[in-house]
Amino acid sequence: MEYSELEKIRLQKVEKIRAAGGEPYPTRANLTHTLKQAVELFEEFEKKGTSSPLEVTLAGRIRSLRAMGKLIFSHIEDSTGRVQLMLRVNEMGEEQLNQFKEDFDIGDFVEAHGVMIRTRTGEISLQATKFRMLAKAITPLPAAKDEIVDGKVVRHAVLADPEVRYRQRYADLAVNDDVRQVFRIRAATTRSLREFLDSRGFLEVETPILQPIYGGAAARPFITHHNQLKQDLYLRISFELYLKRLLVGMLDRVYEIGRDFRNEGVSFKHNPEFTQLEFYWAYADYLKVMDLTEEMLRHVSHDVLGTTQITFNGHEIDFGKPWRRVELRQGLLDATGIDIDQHLEDEALEEAMREKGLKPKPGLSRGKLIDALIGDYLEPNFIQPTFLYDYPRDISPLAKSKPGNPAVVERFEGFVGGMELCNAFTELNDPLDQEARFLEMGRAYEADDEERHPMDDDYLRAMRYGMPPNGGFGMGIDRLVMLLTDRRSIREVILFPHLREREE
RNA sequence: GGCCCAUUAGCUCAACUGGCAGAGCAGCUGACUCUUAAUCAGCGUGUUACAGGUUCGAGUCCUGUAUGGGUCACCA
């Protein structure tokens, strides 16, 4: 371990504290209030006009230090707020005051005892009579300084390098309060979703992350191995097939919030592991799920932000209004002039796209071509909340066909801010049809072994016992948090996003 | 994986067509009893991401590598 010059100076201070009989890392703190509590309590005292002083012991991390001879001002911070410390020679004598000046640095955790006062400039402060080191920092925090100009916080020298911020998230969080706020909102989001679903009779469950057969989505899995069982296992790519087994078991409304793992490329909206909400709702269909989705997002946004209006990427987005509903066929017809109902074969659609001057990748299935059209011509334009509904059957092997139209399934995807947020369908519950779909998928992926959609015999057996008709729903929580916090990258809403391994 | 851009002090950033690597903050020394990016005086802390190359001379030009960001491909 190589220490920098700055770190060596601080290590010397640790030695100095110990040599003087002090302890730079005491085992216990003895605070009486959080910083926010102390400020609020003092304000109450002032209102009541009591003459007795408010005596407190506070603890926090030193964020600023202004020493001027026989008087020191310093701000300490905890997760609830900030309080200014005022240390004067009058209260503690010169020796104590000098000790603070010599031993304490920005970044150290400190405990201070004294009375709450207002300074001449009106700032509520702790006038300390005693102080104690709680934890000495060796490495200086990457400086982030705030200046208050006309009541507005102006930030200086903010830690901004994304690599340092993600690899050393602790330092990022320590100096950037807005980053802490993102994760408070994230916690509030999952709390609100749970509360919403619980109150509607949904049961939260946990299903296997390690699975002998993966399924429920089209993605490549991570593979791992159980030594004692001598068995390869997959990290789940979705919860779908397990949650639907529970409907067979008479758990009528179930949901799970948890981690999915997909062995795919990373981007501003893709992380190898991400958090998903899925719910399955017996006796419902995709139309009921659409209504519940609108209600759920209105509820969450209001719960978390106090408003249904959000700003994302410069757009004002309103979760309060009913979502726009666009039929997939009509949407593509309007956007590209291509009527997918007129081109039911792979080659015919590919040819039609070519005629319109588009350049489809050759050899794709009709469903994949349509998927590509959605991504290019519809998704980026769905800024306000929009349901796109009625999808082609061949890219939706777990969704139920629309009565009277075998090429189309009852499926919708929800888009917000030009980004896919959720995906839902009237779930296929016909075991014979499901078996046929698995076989179709097997054929479709024959050429590419890695993306093979494996047959899940146990899932089919469950369905043969009888599965109630139901609507299912999946939503990327990370993307929802991106929307609620106006962050353009998924890495901003994941505490420790995956980065390439680096030699130190 | 392809292409484009970036990497300079602990942090934020400068450095012209190649010519002695330097500012603010933090840090160190001193002054200062109501400051709040405190102020004032002094001190410059560096393998310019890494490895080579061209050149009298490279932070700057060339090649390669690493990491990050963007974009395309793949995907959700």
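In what follows, chains carry the letters A, B, and so on, assigned in the order in which the sequence lines appear, proteins first and then strands, with residues in each chain numbered from 1. Every value quoted in this text rests on a predicted model; they were computed, and no experiment measured them.
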With sugar-phosphate meaning primed atoms plus P, OP1 and OP2, does A:L499 contact a base, only sugar-phosphate, or nothing at under 4.0 Å between heavy atoms? sugar-phosphate
Ignoring hydrogens and geometry beyond distance, is the side chain of A:S64 in donor-acceptor contact with the base of B:U36 at under 3.5 Å? no
Categorize A:A160 for me: base, sugar-phosphate, or nothing, with a 4.0 angstrom heavy-atom threshold over every strand shown. sugar-phosphate
Return no unless some side-chain N or O of A:R66 is found under 4.0 Å from OP1 or OP2 of B:U35. no
Once you apply a heavy-atom cut-off of 4.0 Å, does A:Y166 come out as touching a base, just sugar-phosphate, or nothing? sugar-phosphate
Just N and O in the side chain of A:K368: are any of them under 4.0 Å from OP1 or OP2 of B:C74? no
Does A:Q84 reach a base, just sugar-phosphate, or nothing at all? Heavy atoms under 4.0 Å. base
Any idea which of B:U33, B:U36, B:G70 is nearest the A:L71 side chain? B:U33
A:T139/A:E7 under side chain to side chain donor-acceptor pair (under 3.5 Å): CA gap, chis, key distance, verdict: CA-CA 6 Å; A:T139 306; A:E7 289 170 328; 2.7 Å; yes
Measuring only between side-chain heavy atoms, which start at C-beta, is A:W281 closer than 4.5 Å to A:F473? no
Between the base of B:U67 and the side chain of A:E163, is one N or O donor paired with an acceptor at under 3.5 angstrom? no
Looking at A:R479, I'd like to know whether one of its side-chain N or O atoms comes within less than 4.0 Å of OP1 or OP2 on B:A76. no
Roughly how many Å apart are B:A21 and B:U8, using the C1' atom of each and rounding to a whole number? 8 Å
Using only side-chain N and O atoms of A:K13, determine if any of them is under 4.0 Å from OP1 or OP2 of B:C28. yes
Phosphate contact (B:G68 OP1 or OP2) by A:R167 side-chain N/O below 4.0 Å: yes
Can you tell me how far C1' in B:C28 sits from the matching atom in B:G19, rounded to whole Å? 33 Å
Please state the P separation for the pair B:C5 and B:C61 - nearest whole angstrom. 11 Å
With a 3.5 Å cut-off and heavy atoms only, can you find an N or O donor on one side and an acceptor on the other between the side chain of A:T119 and the base of B:U35? yes
